[in-house]
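Here's the structure we're looking at; comments come further down.
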2 protein chains.
Amino acid sequence: MGSTLQNPACQHCKDRFSSVFCKAEQCNLEEIDQAKVCSVYKKGQVIFHEGAYPFGVYCINDGKIKLSHSGDDGREQIIRLVKAGDIMGYKALLSNERYTATATALEDSSICFIPKDLFMSILQKDAALSFEMMRILSSELRKAELKITHLAQKPVRERLAETLLFIKETYGLEEDGHTLSVRLSREEIANLVGTATESAIRLLSEFKKDGMIELEGKKIRLLDIHQIVKTANLQD
Amino acid sequence: MGSTLQNPACQHCKDRFSSVFCKAEQCNLEEIDQAKVCSVYKKGQVIFHEGAYPFGVYCINDGKIKLSHSGDDGREQIIRLVKAGDIMGYKALLSNERYTATATALEDSSICFIPKDLFMSILQKDAALSFEMMRILSSELRKAELKITHLAQKPVRERLAETLLFIKETYGLEEDGHTLSVRLSREEIANLVGTATESAIRLLSEFKKDGMIELEGKKIRLLDIHQIVKTANLQD
DNA sequence: ACTCTCCCTTGATACATATCATTCTACGGG
DNA sequence: CCCGTAGAATGATATGTATCAAGGGAGAGT
């Protein structure tokens, strides 16, 4: 468990305008505000575990989280990157099943927990919120299906380039306008791409040699985004 | 377009108990019943095309449909198999985007079309239907994420075995209790597995040699399901 | 400052799978 | 009925990627 601290009000949450709840009715927001519990999780800490039963949804106040499956042979597959304003854990809750993924903090994160019963009851009466949930689910599903196609049809090189762009889209860049603002291990990058760690390393080195990126420990600087897009070979 | 014919009433649709609409309120069902248009599509006919704008959702009355992406190099990736009682086209509708997949009839099929406005307005007022939609979306998302993990981590042999089981789960078996009740080309099977057609053919031959299956044209008989499960190496 | 450990890196090799080429088969139309 | 064509099957080969093995570097804790 993360350590509990003073709950920031949802109405003042810095990402309230981009989150699901921006569509929720004000009275429901207040209700959530009173029931939620906000905690801080340290980098590397697990928020919930694959196989466990869900008791609510998590709303990221601040921080970065990875959601990952553990494959049959124990290898991790990163399914989703979660950022401030996003929610997680809703899939298991809605389909009334156990978590199918493990949530791990990529850096120190502040996360609100909203109890299941409350979330579900508000979902019943707040059509706008329901709608927004469906929109999110649809969008996630679309992304997942695209990923399936790419995994099945694209070589690792293209998928790695695509992943770099995806990380950039998700977490953005630092002030210099080049450095990815998240530190991932090579293994994590590989588990995002769906390849072996060594392959990811080798290809990153190639990208570097080609002048597309710059590597400095876990810092990755995207130097030539145009070239990366070309390497990713995106057309849909 | 498929040829229009006398609309069967939703209330009498043979799969009404297993479809989304089983949760919908009766009055809404009647409303749908009046507005929907039912058509018959011949095997191979396209119901909707990737890139087109959605004008409603499709509910399968009878038949079998494949939903597929066209990859960058034009190779097809089959995303989903649709059966009677299922709906399709909701993802694009909900996220208000164009279709990301093409729907093609695998055999002659009878399909109802429900106009966008009606569907959306009923979704607004019918919480139970909304809930069911979220349940479906969550479940699809869960399946998609599992598929991602398997594509990234499992060899083709295991994925092929898994696919055979998946086809069986989706469309069931013929009266003999062994034959898959859908005829797919080798290429379609490969596009479901995410591999080259030749690889799928080769592995099917191996499965046959190992006594797991029997092949007769497009008929596939599952002889030793236990062995197929073992080959699929499922544990989650 | 120094070790210890973890992660990164690089190289050598093996293997699964894609690709190309060819033959075989079955089916539908003239 | 036979030909033509599309799909299926099989073989030969190429290649991308995983795996195994070993070295190198950087940060954490003592």
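Numbered from 1 within each chain, the chains take letters A, B, ... in sequence-line order.
- DNA chain C forms stems at C:1-6 with D:25-30, C:9-30 with D:1-22, each a run of 3 or more consecutive Watson-Crick or G-U wobble pairs whose two key distances fall under 3.5 Å.
- Computed from coordinates, the A/E216 CD to D/dG25 P distance equals 16 Å when rounded to whole Å.
- Remark: B/F113 engages B/Y58 in a ring-ring contact (aromatic ring centres under 6.0 Å, His included) (not counting sequence neighbours).
- Under the side-chain hydrogen bond (donor to acceptor under 3.5 Å, both in side chains) criterion, B/E97 pairs with A/R142, B/S95, sequence neighbours left out.
- For A/K230, the side-chain contact (heavy atoms from CB on, under 4.5 Å) criterion is met by A/Q227, not counting sequence neighbours.
- For the salt bridge (Lys or Arg N to Asp or Glu O under 4.0 Å) test, residues two or more places apart in sequence or in another chain that qualify with B/E188 are B/K66.
- B/K147 is linked by a side-chain contact (heavy atoms from CB on, under 4.5 Å) to A/I148, B/Q77, B/L151, counting only residues two or more places apart in sequence or in another chain.
- Remark: B/D73 pairs with A/Q153, B/R75 by the side-chain contact (heavy atoms from CB on, under 4.5 Å) rule, at least two apart or across chains.
- Partners of B/Y99 according to the ring-ring contact (aromatic ring centres under 6.0 Å, His included) rule, which considers only residues two or more places apart in sequence or in another chain, are B/F48.
- B/V82 places a side-chain heavy atom less than 4.5 Å from the side chain of B/R80.
- When DNA chain C is scanned 5' to 3' for any atom under 4.0 Å from a heavy atom of chain B, the first and last hits are C/dT17 to C/dC20.
- Judged as a salt bridge (Lys or Arg N to Asp or Glu O under 4.0 Å), and not counting sequence neighbours, the contacts of A/D210 are A/R157.
- The interatomic distance linking A/K154 (NZ) with D/dT17 (P) rounds to 13 Å, in whole Å.
- Partners of A/T104 under the side-chain hydrogen bond (donor to acceptor under 3.5 Å, both in side chains) rule, at least two apart in sequence or in another chain, do not exist in this structure.
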Pairs under 3.5 Å (N/O, protein and nucleotides 6-12 of chain D):
{"from": "D/dA8", "atom 1": "OP1", "to": "B/R186", "atom 2": "N", "distance (Å)": "3.3"}
{"from": "D/dA8", "atom 1": "OP2", "to": "B/R186", "atom 2": "N", "distance (Å)": "3.2"}
{"from": "D/dA9", "atom 1": "OP1", "to": "B/R186", "atom 2": "NH2", "distance (Å)": "3.3"}
{"from": "D/dA9", "atom 1": "OP2", "to": "B/R186", "atom 2": "NE", "distance (Å)": "2.6"}
{"from": "D/dA9", "atom 1": "OP2", "to": "B/R186", "atom 2": "NH2", "distance (Å)": "3.3"}
{"from": "D/dT10", "atom 1": "OP2", "to": "B/S205", "atom 2": "OG", "distance (Å)": "3.0"}
{"from": "D/dG11", "atom 1": "N7", "to": "B/R202", "atom 2": "NH1", "distance (Å)": "2.9"}
{"from": "D/dG11", "atom 1": "O6", "to": "B/R202", "atom 2": "NH2", "distance (Å)": "3.2"}
{"from": "D/dA12", "atom 1": "N6", "to": "B/R202", "atom 2": "NH2", "distance (Å)": "3.4"}

